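Please read these numbers as outputs of a predicted model, since none were measured by experiment. We're numbering straight along the sequence, starting at 1.
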Amino acid sequence: MGEKVVATRADLSDRQMYRRKLQSCLDALGRMLREDRFDRPKGVMGVEIELNLADEQGLPLLNNAQVLTAIGSADFQTELGRFNIEVNIAPHRLCGHVFEELREELDTGLKYADRRAAEAGARIVMVGILPTLELDHTGLDAMSHNQRYSLLSDQILAARGEDITLDIEGVEHLQLESITMVAEAAATSLQLHLQVTPQRFSSVWNAAQAICGPQLALGANSPFLFGRELWRETRPVLFQQACDTRSAELKAQGVRPITWFGERWVDSAYDLFEENLRYFPALLPICDDEDPAKVLASGGAPRLGEMRLHNGTIYRWNRPVYDVSGGVPHLRVENRALPAGPTVADTLANAAFYYGVVRVLAEQSRPIWTRLPFERADENFQQAARYGIDAAFQWPRSGRAGRGGGLTTVSAVDLVLNELLPMAYQGLDAWGVEPADRDRYLGIIEQRCLRRTNGASWQSATFHRLCEQYGMERPAALAAMTRRYMEHMRGGEPVHTWPVG
């Protein structure tokens, strides 16, 4: 979303040219895959974290431009809402002490950024949705000053032909007749990248899709939106509704939403980019001068700019990424399912669990995607978003040599403790992660399960205690809870150790 875009209204009208350029990009990608023109195997990971800005009272601040100026680091970038920023961590080899190295980098970088943000009157909050955010904070005047965001907002509204609405039924019911796209900025995410070879792409992507539900159940951290308690992880439904290009009639016709879990397991990265072209009209039809076929013929690595820009406006929970580094193209799987926070330790625990489990599932002789129907994986994701760590899933039965057959209902906690956590240990060993780092971060996941506590359950329990025991009104309780969250977040201890209230 942060990519700079310059366009005129005339540019946006030429969709036929853009469609032709998208097809030429796709043709080039297909040729590159057939000719194996991609980077050699590397276990490289990357991390991006979207962050909120609040004052000392825990209330939102819309001053990211001033905060970014104060921070003065290219690692920190603008995001859609003026109450957001994003931090990008340089890629790391997934081995050795990588998680402790990341902890030191994140701790140092975030503490520095928080000190500098304080000079602009703001504090940094790592949370899925800032609990004190109100609808008034998400008008068009709250959009960051980046032409891409305004163009994208205009195009979503033009595609819909009507106002954007929210209707979310959770613990409480939130119904809003008219919102701007900036409401989507309420959702701040953790994005985990893994560079893969073309041959391994489909296995890694399928494995990542299969564990989206368990992953989200463990990491849920977004129970409040605009003062209402909704899903344990409200981000997915907020994304889908706030970025929906479809009118009611298009929904009834089965048109796919641009925030999309998907509908099938894949055999290649090509499948996903081809789906993008087949199902999704361009929201930002902006062409560059590159001819991918000529670049390939000259032995170069094409940027495939139109394909990458189009891909960036389709919000898959596991997104395919094509990129060029040092003149050599590569593929990545970008996992986008998790919310930000609550702490650096929790973030790295979520990352360790993901990278470990995906490694094992991608290499199984009888893959999970041959035993778990895709629609069940989608339902598991929805269950995790609604119920968090208390979710239950449909999951393949275990059996000797994998011959259990069929599906069974299992709680998220039991699935993680009995099946997925041992895989995570095995997978981190396969990556060559140091045992002490492996044990520290996967130990956090184990304790979350044993205590049935994650960011969402802590936020909800603390909010209700403040209301019921101390008689606080809802806005005051949300603000008090947010201040306590901020204090614990800066303390750095994982969320399962935080006292409630």
*Determine, stepwise, if the pair Y354 / L338 fulfils side chain to side chain contact (heavy atoms under 4.5 Å, CB included).*
CA-CA 10 Å; Y354 169 74; L338 289 169; 5.6 Å; no
For residues [X] and [Y], is any side-chain donor paired with an opposing acceptor at under 3.5 Å?
X    : Y    : result
N276 : R316 : yes
D346 : T343 : yes
Q394 : Q383 : no
Q195 : D39  : yes
R116 : Y112 : yes
T188 : N84  : no
R448 : N350 : yes

Between [X] and [Y], does at least one N-O distance fall below 4.0 Å, as a salt bridge requires?
X    : Y    : value
E290 : K21  : no
E434 : R438 : no
E334 : R332 : no

Is the shortest heavy-atom distance from the side chain of [X] to the side chain of [Y] under 4.5 Å?
X    : Y    : value
V67  : F83  : no
Q382 : Y387 : no
N380 : W395 : yes
R31  : R37  : yes
I89  : E48  : no
L361 : M423 : yes
R103 : T347 : no
L26  : E274 : yes

Please give me the minimum heavy-atom distance between [X] and [Y], naming the atom from each residue.
X    : Y    : answer
R256 : R246 : O-CD, 3.7 Å
A362 : S203 : O-CB, 3.6 Å
R232 : G388 : CB-N, 3.5 Å
P320 : F201 : CB-CZ, 3.6 Å
S144 : G81  : OG-O, 3.2 Å
V495 : P342 : CB-CG, 3.7 Å

*If you draw a 6.0 Å radius around CD in Q199, do more than 12 non-hydrogen atoms from other residues or ligands fall strictly inside?*
yes
*With a cut-off of 6.0 Å (strictly less than), are more than 12 heavy atoms of other residues, nucleotides or ligands near CZ of R40?*
no
Could you grab the distance from atom [atom1] of [X] to atom [atom2] of [Y], nearest 0.5 Å is fine?
X    : Y    : atom1 : atom2 : answer
R303 : R308 : CZ    : CZ    : 8.5 Å
M307 : L277 : CE    : CG    : 10.5 Å
R34  : S268 : CZ    : OG    : 10.5 Å
N454 : I389 : CG    : CD1   : 4.5 Å
I211 : L216 : CD1   : CG    : 11.5 Å
I129 : L225 : CD1   : CG    : 5.0 Å

*State which residue, out of D414, V413, L407, fulfils the side-chain contact (heavy atoms from CB on, under 4.5 Å) condition with V410.*
D414
_Residues V87, E50; criterion side chain to side chain contact (heavy atoms under 4.5 Å, CB included); working and verdict_ = CA-CA 6 Å; V87 60; E50 296 167 353; over 6 Å; no
Is there a donor-acceptor contact under 3.5 Å from the side chain of [X] to the main chain of [Y]?
X    : Y    : result
H92  : A90  : yes
D114 : L110 : no
E306 : D288 : yes
Q209 : F261 : yes
T370 : I368 : no
T108 : E104 : yes
D323 : L331 : no

*Evaluate side chain to side chain donor-acceptor pair (under 3.5 Å) for N318 paired with N335, printing each intermediate quantity in order.*
CA-CA 5 Å; N318 286 290; N335 178 256; 2.8 Å; yes
*Under the ring-ring contact (aromatic ring centres under 6.0 Å, His included) rule, what do F239 and W317 come out as? Steps first, then yes or no, please.*
CA-CA 11 Å; F239 262 116; W317 300 110; 5.7 Å; yes
*asked:* The criterion is side chain to side chain donor-acceptor pair (under 3.5 Å); which residues satisfy it with Q241, sequence neighbours excluded?
replied: none
*R235: what forms a side chain to side chain donor-acceptor pair (under 3.5 Å) with it, not counting sequence neighbours?*
S189, E233
Should the ring pair [X] and [Y] be called parallel, tilted or perpendicular, given that the plane angle runs from 0 to 90° and is split at 30 and 60?
X    : Y    : answer
H310 : Y18  : perpendicular
W369 : W265 : tilted
Y322 : F38  : perpendicular

*N221 and Q459: side chain to side chain donor-acceptor pair (under 3.5 Å), yes or no, with the steps?*
CA-CA 8 Å; N221 195 29; Q459 287 188 53; 3.0 Å; yes
Is the ring centre of [X] less than 6.0 Å from the ring centre of [Y]?
X    : Y    : result
Y315 : W260 : no
W431 : F99  : no
Y441 : F353 : no

*What do the steps show when you test Q240 against D244 for side chain to side chain donor-acceptor pair (under 3.5 Å), and what is the final call?*
CA-CA 6 Å; Q240 182 161 334; D244 203 342; 5.3 Å; no
*Show your working on side chain to side chain contact (heavy atoms under 4.5 Å, CB included) between H496 and I444 and close with a plain yes or no.*
CA-CA 8 Å; H496 69 264; I444 291 172; 4.1 Å; yes
*Looking at residues at least two apart in the chain, or sitting in another chain, which of them share a ring pair (Phe, Tyr, Trp, His ring centres under 6.0 Å) with W458?*
H488, W498
